[in-house]
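Structure record follows, encoded as structure tokens.
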Amino acid sequence: MLSNSSRRLLAGLGVAGAFVAASATPGFAADPKVKLGVYFSDTTIAADSDGKIDYSIIRSSTSVVLHDLTVRYDLTGLAGKVTVGEEENTGTDCTSPSANVLVCTTPWEVELDEWGLSGVFPVQIKPTGKAQDGDTGTLKVTLSANGVDSVSHEAKVRVGEGVDLAAGPETTVSAAPGKGFTAPLKVTNVGDTTAKGAAVVFYNDYGMNAAKHYSNCTYVGDELRTCRFDEELPGGSTFGATLPYALGADTMAPGNRYGEIIWMTPDEFEDFENYLGNYDVTIGKPGTDGKLTLAEAAGRAAARGFQADPRPENNASYLQVKVTGNNSTDLEALGASVTGKAGATVKATVGLRNNGPATLDYSRSGSSVTYLTFDVPKGTTTTAVPENCFPVKGDEWGEPGKPGARHYRCYFDSFLKAGDTVKLEFGLKIDKVIANDTGLVKINVPCECDGGFYRDLKPANDTAKVVVNAAPGGGDGGQGGGDGGTLPITGSSTGLIAGLGALLLAAGAVGYVLTRRRKTRFVA
């Protein structure tokens, strides 16, 4: 209900979806000054296939509620070769005023914030019987709504040969924190048409570090993101390579780390890379350790038109790393000590620090690393509350960020590196001066929400005091010290911001390649 649903969100990478309301949300109103943007991915489809399904992505310069939202798809440039049609059972109202034009509208008011929407008006891009390898054209997408200026975007649409790349089997390996391991990389061309090159996209959990950086692969730090191969893959053959990894010393143990491997044609990879570029997200930089080759590849890619995979459901494989040993961490609650006169408003900064040795990473589930409660000092009233904190009274949860309550529960991002600190800032009005007026911060509090960390190495420091007007010698409120890195004070969920502002490679690639029904994200 009110748990952190970040990263799969959009997530993913977590998936950002269409937030469509039946009535306007108070505080939002259409404004002619609002600037909208619309995006549709470049698309390569296989001839003699069902094509692909994709959505429009809408952006706004500010929060707004749109009325009579309309998206017009115009594929006139490929008339007779490619059609654009409404996906079945979407609940939207689409009409075709002319050949190769589709206009979709919604009667609902659509709430749009500055992060934008994906998943709006899904359409099917499908080749006709006259489509041939090498056909190319433009899909013009135009967005309009009452009270705002219309905007357009042009996406490239290409028709190519159909090649069926299938990923290798799922793999399970074991390793201890700080130790190396290897994982196979396999692909089979299960079709009859030779695949003239291939590309593979990775989404590996934190701590699965590349032990080598190959020149035909790309990396962000030690994170392997993509590899491209220019060898031909004849139909009916299997090719493979071995990838060396090393688990980070700060990996939680015992536990599991996971990775996905998603294969695609070079043309589909180009579309995907352009999609990431729309969000200013990089695939990383090439390595310098020589070229990674597929063991049984024969020859280099010859001149060709385009290629696309008509059966993307078999393009993905999975890697599980069973992390052995014992490597947990110590989360420490951070309190505060503030002073002020009656009627004054003071800022109390509380939070938590990961003292290590393990990093906490719940990115796949999108859950908070832990849950924090704050009991407000009795002589004060909250005037400012972080957006990721909720007033709680018994079993009832109030609105996020609402001041005036006596008890709060807060959640955090799904990732907290060893040595880092996350802080929350509360505004407290001093109603009455009470010496050593004390509130209490607790972390690792059990919650009906998903996730949370409960294997703390030092439970004794899971509580800290918030002291207002401490008497001489009354203590510092339990504010811990240390030189660890400090994350920005949390307002809204940092996980949500990370998810909506970047592209999680996992669901981004899987969703993009398999059905392209979700827009998800690399973590930049």
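Computed from heavy atoms alone, side chains included, the values below leave out hydrogens, waters and symmetry copies.
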Q.
Could you tell me if the side chain of F415 sits less than 4.5 Å from the side chain of T359, heavy atoms only?
A. yes

Q. How long is the span from the OH atom in Y39 to the OH atom in Y275, to the nearest 0.5 Å?
A. 8.0 Å

(Q) Parallel, tilted or perpendicular: which one describes the rings of F40 and Y73, with boundaries at 30° and 60°? (A) perpendicular

**Q.** Under the salt bridge (charged side-chain N to carboxylate O under 4.0 Å, His left out) test, residues paired with D437 that sit two or more places apart
**A.** none

(Q) Quick one about S363 and D361 (side-chain donor to acceptor, distance below 3.5 Å, no hydrogens or angles considered), yes or no? (A) yes

Q) Roughly how far apart are W108 CH2 and L69 CG, rounded to 0.5 Å? A) 14.0 Å

Q: Give the C-alpha distance, both sets of side-chain angles, the deciding distance and a yes or no for side chain to side chain contact (heavy atoms under 4.5 Å, CB included) between V466 and F426.
A: CA-CA 11 Å; V466 175; F426 286 83; over 6 Å; no

**Q.** Within-4.5 Å side-chain heavy-atom neighbours: C410 and L424
**A.** yes

Q | Derivation and outcome, side chain to side chain contact (heavy atoms under 4.5 Å, CB included), residues M252 and V323 | A | CA-CA 8 Å; M252 178 70 70; V323 185; over 6 Å; no

Q | Shortest non-hydrogen contact from Y408 toward K402 | A | OH-O, 2.8 Å

**Q.** Exercise: identify the closest heavy-atom pair between T142 and S152
**A.** OG1-OG, 2.9 Å

Q) Which heavy atom of T463 sits nearest a heavy atom of K442, and at what distance? A) CG2-CG, 3.6 Å

Q) Can any side-chain N or O of T382 pair as donor or acceptor with the backbone N or O of A384 at less than 3.5 Å? A) no

Q) Of V38, V151, I57, which is the lone residue that meets side chain to side chain contact (heavy atoms under 4.5 Å, CB included) with V141? A) V38

Q) Distance from T380 atom OG1 to K432 atom NZ, nearest 0.5 Å? A) 13.0 Å

Q.
Once rounded to the nearest 0.5 Å, what's the spacing between atom OG1 of T105 and atom CG of D93?
A. 4.5 Å

Q: Evaluate the side chain to side chain contact (heavy atoms under 4.5 Å, CB included) criterion for residues V350 and L334: first the C-alpha distance (whole Å), next the side-chain angles of each, then the deciding distance (0.1 Å), finally the verdict.
A: CA-CA 5 Å; V350 302; L334 303 178; 5.7 Å; no

Q.
Holding to side chain to side chain donor-acceptor pair (under 3.5 Å), I want the full list of residues that pass it with Y219, two or more places apart in sequence or in another chain.
A. none

Q) Taking the six-membered ring for Trp, are the ring centroids of F181 and Y245 within less than 6.0 Å of each other? A) yes

Q. Do other residues, nucleotides or ligands put more than 12 heavy atoms under 6.0 Å from E399 CD?
A. no

Q: Give the C-alpha distance, both sets of side-chain angles, the deciding distance and a yes or no for salt bridge (charged side-chain N to carboxylate O under 4.0 Å, His left out) between E425 and K423.
A: CA-CA 7 Å; E425 187 176 275; K423 296 182 179 180; over 6 Å; no

Q) Of all residues at least two apart in sequence or in a different chain, which pass the ring-ring contact (aromatic ring centres under 6.0 Å, His included) check with H407? A) none

Q | Distance, nearest 0.5 Å, that separates OG of S317 from CD1 of I262 | A | 9.5 Å

Q. With a cut-off of under 6.0 Å to the ring centre and 45° to the axis, is R59 in cation-pi contact with Y279?
A. yes

**Q.** A418 versus P357, closest heavy-atom pair with distance
**A.** CB-O, 3.7 Å

Q) Do S328 and F453 touch side chain to side chain, with heavy atoms closer than 4.5 Å? A) yes

Q | Under 3.5 Å: donor-acceptor pair, side chain of S150, backbone of S144 | A | no

Q) So, R409 side chain and C447 main chain: donor-acceptor pair closer than 3.5 Å or not? A) no

Q: Name all residues meeting the side chain to side chain donor-acceptor pair (under 3.5 Å) criterion together with T381; count only those two or more places apart in sequence or in a different chain, and write none if there are none.
A: D431

Q.
As a quick check of understanding, evaluate side chain to side chain contact (heavy atoms under 4.5 Å, CB included) for T172 and K322, giving each step before the final call.
A. CA-CA 7 Å; T172 300; K322 293 184 177 180; 3.8 Å; yes

Q. Can you name the residues that form a side chain to side chain donor-acceptor pair (under 3.5 Å) with T251, not counting sequence neighbours?
A. none

Q: Please examine the side chains of S41 and D271, heavy atoms only from C-beta on, and report whether any two atoms are closer than 4.5 Å.
A: no

Q. Atom NZ in K140, atom CD in E154: separation rounded to 0.5 Å?
A. 6.0 Å

Q) With no hydrogens and no angle check, do the side chains of N209 and D222 hold a donor and an acceptor under 3.5 Å apart? A) no

**Q.** Shortest non-hydrogen separation from S367 to S414 and the atoms involved
**A.** O-CB, 3.0 Å

Q | Non-hydrogen side-chain atoms of M208 and L319 separated by less than 4.5 Å | A | yes

Q.
Any non-hydrogen side-chain atom of I283 less than 4.5 Å from a side-chain atom of F269?
A. yes

Q | Close side-chain approach of V441 to T373, heavy-atom, < 4.5 Å | A | no

Q | D250 versus N327, closest heavy-atom pair with distance | A | C-ND2, 3.9 Å

Q: Measure the shortest side-chain to side-chain distance between D456 and D330 over non-hydrogen atoms and say whether it is less than 4.5 angstrom.
A: yes

Q: Applying side chain to side chain donor-acceptor pair (under 3.5 Å), name anything that partners S174, two or more places apart in sequence or on another chain.
A: none

Q) Would you find a donor on one side and an acceptor on the other, under 3.5 Å apart, between the side chain of N354 and the backbone of A358? A) yes

